[in-house]
Amino acid sequence: MQSLLTQSQQTLSHLLQTHSLSADLQNSPQIPPLVKAIAMSDFVAKQLAKQPDLLQQWLEKTPSIVDCDHYLARLQAVLAAVESEEELQRALRQFRHREMAILSFLQSNDLATPQQIFERLSDLAESVILSARDWLYQRLCGEYGTPVNAQGEPQPLLILGMGKLGGRELNFSSDIDLIFTYADVGETVGARKPIENSKFFTRLGQRLIRALDEITVDGFVYRTDMRLRPFGDSGALVLSFDAMEAYYQEQGRDWERYAMIKAKILGEDPQNPHHKYLRSLLRPFIYRRYLDFSAIQSLREMKQKISREVLRRGLTDNIKLGAGGIREIEFIVQTFQLMRGGRDNILQQRSLLMVLPQLASLNLLSETQVEQLRAAYLFLRHTENVLQAIDDQQTQTLPSHETDRLRLATANHCNSWQAFLVELAEHQAKVRAVFNELIGDDAKESETPESPQLAMWRDVLNYQITPEELAVCLQNYPVQAGDEAAIFTLFSNTFQEWLKRPIGVRGREVLRKLLPQIADQVFRQSNYLLLLPRVLNIVDKITTRTTYLELLLEKEQILPQLLNLCGKSMMIAEQIARHPMLLDELMTSRVCEVVPLDQYPNVLQEYLMRIPEDDEEALIDGLRQFKQSQMLHIAAADILDVLPVMKVSDHLTYLAEAIIGAVVNLAWKQVVARFGQPEHLTDGKPDFVVIGYGKLGGIELGYNSDLDLVFLHNAPEQSETVGGKKSISSHQFYLKLAQKINGIFNLNTSAGVLYDVDMRLRPSGEAGLLVSTFNAYEQYQQNEAWTWESQALVRARAVYGSPELREKFEKIRRDTLEMPRTSGQLAEEICKMREKMYVHLSQHNPEQFHLKTDQGGITDIEFMAQFLVLNHANAYPQMAIWSDNVRIFDSAMACGVLPVVEGEALKNAYITLRNQIHHLNLLNQEPIVSASEFVAERQIVQKLWRQWFANTGKTLINK
């Protein structure tokens with residue numbers, strides 16, 4: 001390096017003499033950094049020779065990063081004096097070269113980080129492009145008039161900066177990739193002869209490209225590439241918004257989605273309506289609302305194409321395109337952006353360095369992997385910038401010249417070229433390891449031979465499948481004789497249906513690879529006749545959604561898990577068919593892991609944080625998707641015997657409570673936004689409680705349970721709302737809140753209905769108010785409620801609200817349940833209600849046993865628990881504490897009102913029957929079994945019923 005510095009010192013001395021700078025300046029303390037800058041970049045030396053004032057400034061004061069701000073304002077001030085396009089070209093080039101030389105100086109002297117350098121390079125390019133556009137726009141308006149739309153509104157030219165420019169990641173000598181667009185068609189006004197807007201903007205675009213790209217005596221500003229526009233070189237130079245939207249909706253390709261990730265509207269203004277509309281136009285094309293696993297295959301194909309290009313052109317030692325290079329880091333990050341950006345908005349960012357840490361926070365990559373990629377990216381980009389700053393040449397190939405090698409090693413603080421190569425290789429190896437894990441090592445994949453059975457299935461499973469070919473394939477599997485005909489019919493009918501579908505070339509190619517794997521794995525199972533139609537139904541529902549087909553093909557761990565769960569649960573199979581996004585939950589081996597009970601609210605909140613707060617539809621969809629994904633985990637844990645039945649109900653109940661809380665909060669914000677909040681509130685928290693009855697209240701929810709809800713509030717009589725667009729009484733406010741909550745639960749979106757909600761257990765039932773005050777509720781429960789309503793109250797508890805209001809409800813509940821009652825009258829009323837239910841709900845089939853409604857079933861056990869509470873809570877207040885049947889029986893045994901032997905028998909019968917109902921739910925079957933099953937459980941329930949209610953005169957259990 002010393003020889004290079006000596007040579008640079010001589011160059012600087014020559015410059016000082018040439019520009020006749022004073023002796024004092026020649027002894028300036030700024031000399032060493034100047035020598036270093038010249039040593040590292042021939043481009044800097046050339047600019048100092050052309051711009052002596054720049055050399056004098058550097059001698060007087062060492063440049064800093066703050067000198068690289070306000071490019072746009074400074075350049076516009078320069079252009080204000082420009083009167084011709086020739087002068088414009090000269091001013092742009094001189095400004096660009098001067099500012100680039102400053103950035104090279106900072107880079108060479110380690111006065112700025114690599115990230116600061118490529119961000120300032122990008123800001124410089126954006127400022128130059130916008131300044132040139134604005135100057136030329138005014139010039140063309142003078143020549144052709146101002147372009148306007150049908151309403152007479154002036155139309156600007158919008159420029160999309162693509163690639164590294166859009167991501168603020170520009171190199172020293174990057175091309176700039178641009179797309180030109182404008183909002184509305186129309187024609188110019190204010191000139192002698194109007195022209196169409198399209199012609200005006202085409203001429204503006206052509207002159208802008210010439211101003212930037214043309215080589216003059218001052219060089220060029222930026223090599224400008226317009227090939228990323230719709231239809232490439234064969235397309236119009238400038239398109240209207242409508243033409244852009246039509247293209248991307250109908251013809252946009254995967255590589256264009258990839259490119260659009262970094263698209264930035266230059267000079268972007270969040271308040272500009274044209275900018276807002278253009279962003280909303282492009283976002284659905286780039287980011288799918290579902291998980292888009294086609295991105296992996298698309299990016300893999302792009303990588304393969306680049307690898308072939310590297311090989312064909314002999315691009316060895318290329319730090320951008322080679323193995324472990326910059327392009328692979330970009331592919332890794334952008335794969336996740338394309339796959340998940342539609343659901344995780346935090347990934348919708350243009351800067352690679354901004355997205356990288358989010359991949360760790362979303363558990364898509366480990367912290368170690370993210371740090372390795374970040375370090376490699378900064379090392380490689382710094383190397384790239386140093387390489388290009390040597391002589392303003394666009395190159396990513398490691399140099400062969402010793403001087404340039406020395407420059408690279410010095411810039412990266414390496415003692416020698418060999419040490420630099422070692423560090424480079426370490427970074428590239430880490431990048432390649434992550435790349436192979438995510439996108440796949442193509443070389444290894446191509447070497448893996450296909451199994452003969454898969455090859456045979458691939459030949460057979462087509463739209464002209466024959467029984468004979470199918471029979472040959474099935475000989476390799478344990479398929480029962482006689483089943484071939486049913487299997488053939490299923491395949492044949494499915495394929496005939498698919499012939500009518502607009503599946504597309506890519507989709508049919510994925511199916512061609514996927515179906516052999518499905519068949520091979522299905523026919524290895526003993527339950528293949530059960531399993532095959534369930535899995536084909538799922539595939540049938542996603543045939544036109546290629547991304548999900550590719551997910552099943554790409555992620556090898558998903559298909560075995562899918563077959564396992566579908567084989568054991570019809571409910572899961574149908575849920576996944578209705579909501580294919582659930583396939584994402586099968587990507588890991590943790591599908592049977594469930595959220596800790598007390599963490600459902602936190603996990604839900606984190607899930608919803610990825611969705612904009614003002615997007616109500618997306619939030620409601622998010623709630624449904626969260627419920628479906630969590631229920632899949634719970635069901636998987638259930639059928640794989642990870643959770644006992646009581647814990648299954650616990651998880652389903654706590655999940656529902658978390659969702660209720662989120663719905664109330666969402667509804668509260670929306671109602672407050674319109675009407676303000678009740679004036680009696682001091683802390684802004686909802687003075688509102690949701691009471692769960694039935695299975696929700698009893699912490700006994702099943703997979704198909706609805707929610708029995710009652711709403712209470714604590715507003716004073718004369719209270720009103722304040723701070724809203726319209727003031728209403730607080731009672732009206734809470735009524736609207738209850739209506740909004742109900743509406744959110746019942747809204748049927750693409751993700752289905754959240755929960756079926758039943759409000760009939762509120763005071764006075766369907767004739768009563770949708771929401772009550774605490775006082776009215778207490779008066780009703782203690783003075784007007786029927787016995788059956790008190791029975792329902794046994795299984796009630798607060799599932800949303802502040803601790804103070806929950807306790808207030810609980811006191812009302814306990815006081816009501818502890819009221820003195822006449823045992824004989826209570827028993828008679830309970831028996832009347834049970835008989836009425838039996839007559840109207842039971843099927844009365846002697847060969848079957850309905851686990852819920854028939855004699856000796858769940859309903860009888862629940863009524864017996866309620867009788868124990870209502871009959872004994874007055875003497876034993878602890879009987880009124882719990883709302884779930886099992887702990888009610890435990891309390892009764894602890895109080896001595898229920899013998900232990902009988903109590904344990906009731907608990908066992910209850911849990912056994914509930915377990916069976918759960919398993920039938922998973923199979924999507926009614927809770928009905930043969931009359932020969934659960935005989936012992938039924939007998940103990942019937943025996944105790946007769947003992948307890950023998951004197952009521954009712955003979956329900958004896959029927």
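These figures come from a predicted structure and were not determined experimentally.
Distance CG/Leu373 to CG/Leu365: 6.5 Å, rounded to 0.5 Å. Separating the OG atom in Ser127 from the CG atom in Leu75 is a distance of 7.5 Å, to the nearest 0.5 Å. Atom CG of Leu55 is separated from atom CD1 of Ile38 by 7.5 Å, given to the nearest 0.5 angstrom. To the nearest 0.5 Å, the span separating CG on Leu282 from CD on Glu256 amounts to 11.0 Å. The structure places CG of Leu72 at 11.5 Å from CD1 of Ile129, a figure rounded to the nearest 0.5 Å. Note: Glu367 CD to Leu359 CG = 10.5 Å, rounded to the nearest 0.5 Å.
Arg374 meets the side-chain hydrogen bond (donor to acceptor under 3.5 Å, both in side chains) test with no other residue; sequence neighbours excluded. Asp53 meets the side-chain hydrogen bond (donor to acceptor under 3.5 Å, both in side chains) test with Arg98; sequence neighbours excluded. Listed by chain and residue number, Gln89 satisfy the side-chain hydrogen bond (donor to acceptor under 3.5 Å, both in side chains) test with Glu214 (two or more places apart in sequence, or in another chain). Residues passing the side-chain hydrogen bond (donor to acceptor under 3.5 Å, both in side chains) test with Arg405: none are found, sequence neighbours excluded.
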Please report the C-alpha distance between Leu178 and Leu165 in whole Å, then the side-chain angles of each, then the deciding distance to 0.1 Å, and finally whether the side chain to side chain contact (heavy atoms under 4.5 Å, CB included) criterion is met.
CA-CA 9 Å; Leu178 305 177; Leu165 173 60; 3.8 Å; yes
Taking it one step at a time, do Trp135 and Gln76 satisfy side chain to side chain contact (heavy atoms under 4.5 Å, CB included)?
CA-CA 9 Å; Trp135 192 95; Gln76 287 177 338; over 6 Å; no
Should Phe331 and Phe336 be marked as a ring pair (Phe, Tyr, Trp, His ring centres under 6.0 Å) after you check the CA-CA gap, both sets of side-chain angles, and the distance that decides it?
CA-CA 9 Å; Phe331 276 170; Phe336 286 119; over 10 Å; no
Report the C-alpha separation of Ile390 and Thr395 in whole Å, then their side-chain angles, then the decisive distance to 0.1 Å, and conclude whether the side chain to side chain contact (heavy atoms under 4.5 Å, CB included) test is met.
CA-CA 10 Å; Ile390 291 174; Thr395 178; over 6 Å; no
Apply side chain to side chain contact (heavy atoms under 4.5 Å, CB included) to the pair Lys164 and Asp175, showing each step before the final yes or no.
CA-CA 9 Å; Lys164 287 185 168 58; Asp175 291 351; over 6 Å; no
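Contact of the Thr11 side chain with the Leu48 side chain is not registered, since no non-hydrogen atoms from C-beta on lie closer than 4.5 Å. In this structure, the side chains of Pro230 and Met244 come closer than 4.5 Å at one or more pairs of heavy atoms. Two residues are said to be in side-chain contact when any heavy atoms from C-beta on lie closer than 4.5 Å; Glu99 and Asp67 fail this criterion. Between Gln107 and Asn385, some side-chain heavy-atom pair lies under the 4.5 Å cut-off. With contacts defined as side-chain heavy-atom distances shorter than 4.5 Å, the pair Gln348/Asn345 qualifies. Contact check for Thr6 versus Gln10: side-chain heavy atoms found under the 4.5 Å cut-off. Counting heavy atoms from C-beta outward, Asp218 and Gln94 have side chains that approach closer than 4.5 Å. Residues Val434 and Lys430 have side chains not in contact (no heavy-atom distance under 4.5 Å, counting atoms from C-beta outward).
Remark: the backbone N or O of Leu92 is not paired with any side-chain donor or acceptor of His97 at under 3.5 angstrom. Arg96 places a side-chain N or O within donor-acceptor distance of the main-chain N or O of Val221, the cut-off being under 3.5 Å. In this structure, Ser122 contributes its side chain and Leu170 its backbone to a donor-acceptor pair below 3.5 Å. At distances below 3.5 Å, not a single donor-acceptor pair connects side-chain atoms of Asp391 with backbone N or O atoms of Gln393. Under a 3.5 Å cut-off, the side chain of Gln388 and the backbone N or O of Ser173 do form a donor-acceptor pair. Between the side chain of Gln116 and the backbone N or O of Thr113, at least one donor-acceptor pair lies under 3.5 Å. A donor-acceptor pair is defined here as one N or O able to donate and one able to accept, closer than 3.5 Å; no such pair exists between the side chain of Gln358 and the backbone of Val355. For the pair Arg229 (side chain) and Ile179 (backbone), a donor-acceptor distance under 3.5 Å is absent. The main-chain N or O of Leu239 is found under 3.5 Å from a side-chain atom of Thr181 such that the two form a donor-acceptor pair. Using a distance-only test at 3.5 Å, with no hydrogens or angles considered, no donor-acceptor pair links the side chain of Ser41 to the main chain of Ala39.
Under the 4.0 Å criterion applied to side-chain N and carboxylate O atoms, Glu126 and Arg168 are not assigned as salt-bridge partners. Between Glu87 and Arg90 no salt bridge is recorded (no basic side-chain N to carboxylate O distance below 4.0 Å). Between Arg407 and Asp42 there is a salt bridge, since a side-chain N of the basic residue sits under 4.0 Å from a carboxylate O of the acidic one. A salt bridge links Arg432 to Glu328: at least one charged side-chain nitrogen sits closer than 4.0 Å to a carboxylate oxygen. Under a 4.0 Å N-O distance rule, the pair Lys276/Asp269 does not qualify as a salt bridge. Looking at Lys262 and Glu169, a side-chain N of the basic residue comes within less than 4.0 Å of a carboxylate O on the acidic one, giving a salt bridge. A salt bridge is defined here as a Lys NZ or Arg NE, NH1 or NH2 lying under 4.0 Å from an Asp or Glu carboxylate O, and Asp177 with Arg223 fails to meet this definition. With respect to the salt-bridge test (charged N to carboxylate O, under 4.0 angstrom), the residues Asp69 and Arg74 do not qualify.
The side chain to side chain donor-acceptor pair (under 3.5 Å) contacts involving residues 412-426 comprise Asp110-His413, Thr383-Asn412, where partners must be two or more places apart or lie in separate chains. Counting only residues at least two apart or in different chains, ring pair (Phe, Tyr, Trp, His ring centres under 6.0 Å) contacts with residues 33-62 comprise Trp58-Phe105.
Tyr287 and Arg283 share no donor-acceptor pair across their side chains, judged by distance under 3.5 Å alone. Between the side chains of Gln396 and Asn318, no donor N or O sits under 3.5 Å from an acceptor N or O. Side-chain contact of Gln115 with Tyr377: a donor-acceptor pair under 3.5 Å is absent, judged by distance alone.
In plain terms, the two heavy atoms of Ile261 and Arg350 that are nearest each other are O-CG, 3.6 Å. Of all heavy-atom pairs between Leu158 and Leu278, the closest is CD2-CD2, 3.8 Å. Across all their heavy atoms, Leu157 and Phe180 have their closest contact at CD1-CB, 3.9 Å. Nearest heavy atoms, His382 versus Ala411: NE2-O, 3.2 Å.
Ring pair Tyr248/Phe285 is tilted by interplanar angle, where 30° to 60° counts as tilted.
For CD of Glu143, the number of neighbouring non-hydrogen atoms (other residues, nucleotides, ligands) closer than 6.0 Å is greater than 12.
Outside the 6.0 Å centre-distance limit, the rings of Phe118 and Phe172 are not counted as a close aromatic pair. Checked against a 6.0 Å centroid threshold, the rings of Tyr247 and Phe231 count as neighbours.
Judged by a 6.0 Å distance limit and a 45° cone about the ring axis, Arg203 is positioned over the six-membered ring of Tyr144.
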